[in-house]
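For the numbers below, each heavy atom of this structure counts, side chains included, while hydrogens, waters and symmetry mates do not. Numbering of ligands and ligand atoms starts at 1, following listing order.
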Amino acid sequence: MSEAFSYRADVLHCADVPLTELAEAVGTPLYVYSAERMRANVERVRAAFAPLGATLHYSLKANANLALLRLLHSLDLGADAVSGGEIERAIYAGFPPQRIVFAGVGKTPAELAYALDVGVGWFNVESRDELRTLDRLAGERGVRPNVALRLNPGIRAQTHAHIATGHLGAKFGMAAEVVAELLAERAAYPHVHIGGLHIHIGSQLADVAETVQAVRAAQALAAPYADVRVLNVGGGIPVPYRADAPLPTPQDFADALAPLLRGWRVKLEPGRSVVADAGALLVSVIRVKRQGGRRFVVTDGSMAELLRPALYGAQHPIVPLRRSEKATEAAAVVGPVCESTDVLSQDAPLPPLRAGDGLAVLVAGAYGMVMASNYNMRPRPPEVLVEGARWRVVRRRETWADLRRLEVET
Ligand SMILES: Cc1ncc(COP(=O)(O)O)c(C=O)c1O
């Protein structure tokens, strides 16, 4: 179980808040996040990478709640954005534009123009066409933005196929030949400063050696150019979900990279490692039914609130809010959405449950609420931030009226 969540007198707590009481007060489903855990996670990554002098850019895609962003900004992080919307949000939350890095394979000319106008610090460029467009737009504006070319090193990381990004079958980055050509032709892009390379070979990376290999490939390409010494090594630091084999820690990554990166200015884009284990999705049991020899625990949480199990087969630990001494039995924890993939866990070991009992889907702080949808006309859940014994709703539950708000009725 993640350290943000622990049992006291058989009641699951987030820091000092009993989650049975929180679920009662706010209703379920709801997301709950521990401020302390996020701070500790940032410190862990920062301490590990401090000897490398790395700058940290929190990856908004993992969780872009404003209160969380303000907290992370107060910890002196930069931001990693992948859309105009994320840039706007990062700035709104207080991140200085110069400390934002802008990544993404499909930046539109309008997004590039917006990012130039607000003064984004670094552009992680993913194609020759993007570089041409950025150079033209920068020239029109009389500015000269920093560019890191995103290398696709052709490494298939040992992670879920859907989150491996560093192999040439993936849409991300540019093959080594293209990066080499662009570096050699830098003079053809006078309105940008190509000062670095970027890699991100996947999320939830299980093997540090693959990152080392990718960094070496990037360094070999940059070697002839003494002024290309920024290396953005992306995100990918893994967190344990359920029954994971031992995974490398931030320290393991930093230790493996430190000997290589002397003399380089290092950037890091952590997302999951900052927020994942700080968050949980609380749900309530609607009913239990047995069918085909299985126990189905039907909850008010679903793939609309937490898509990861349906999208990636992600295995989140699920635990009761009130611990019981009774023997556990595997349960399929499912939601009310009309899809066979609406399963939060295929086989969670859980005690006997009845309607009204609360459950916590743990390690749900990253890629949870950001992917929530209104499928089946489900209002998105509220988000609660916990600090010690205090909690506050930092995003309210949507209402049915909210779901109509943007419709144009004639
Ligand atoms: C370019 C880039 N940087 C950073 C991240 C964050 O990765 P993680 O959440 O694994 O730290 C991602 C995630 O997909 C990414 O695509």
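- Looking at Asp16 and Arg8, a side-chain N of the basic residue comes within less than 4.0 Å of a carboxylate O on the acidic one, giving a salt bridge.
- In summary, Glu130 and Lys107 engage in a salt bridge, as defined by a charged side-chain N under 4.0 Å from a carboxylate O.
- Every pair passing salt bridge (Lys or Arg N to Asp or Glu O under 4.0 Å) that includes a residue from residues 215-232 is listed here, sequence neighbours excluded: Arg186-Asp227.
- Closer than 4.0 angstrom to ligand 1 sit non-hydrogen atoms from Ser59, Lys61, Asp80, Arg150, His198, His200, Ser203, Gly235, Gly236, Glu269, Pro270, Gly271, Arg272, Tyr367.
- Contact of the Asn63 side chain with the Tyr33 side chain is registered, since non-hydrogen atoms from C-beta on lie closer than 4.5 Å.
- With respect to Glu43 and Arg46, a salt bridge is recorded, a charged nitrogen being found less than 4.0 Å from a carboxylate O.
- Using a 4.5 Å heavy-atom threshold, the side chains of Ile194 and Leu131 count as touching.
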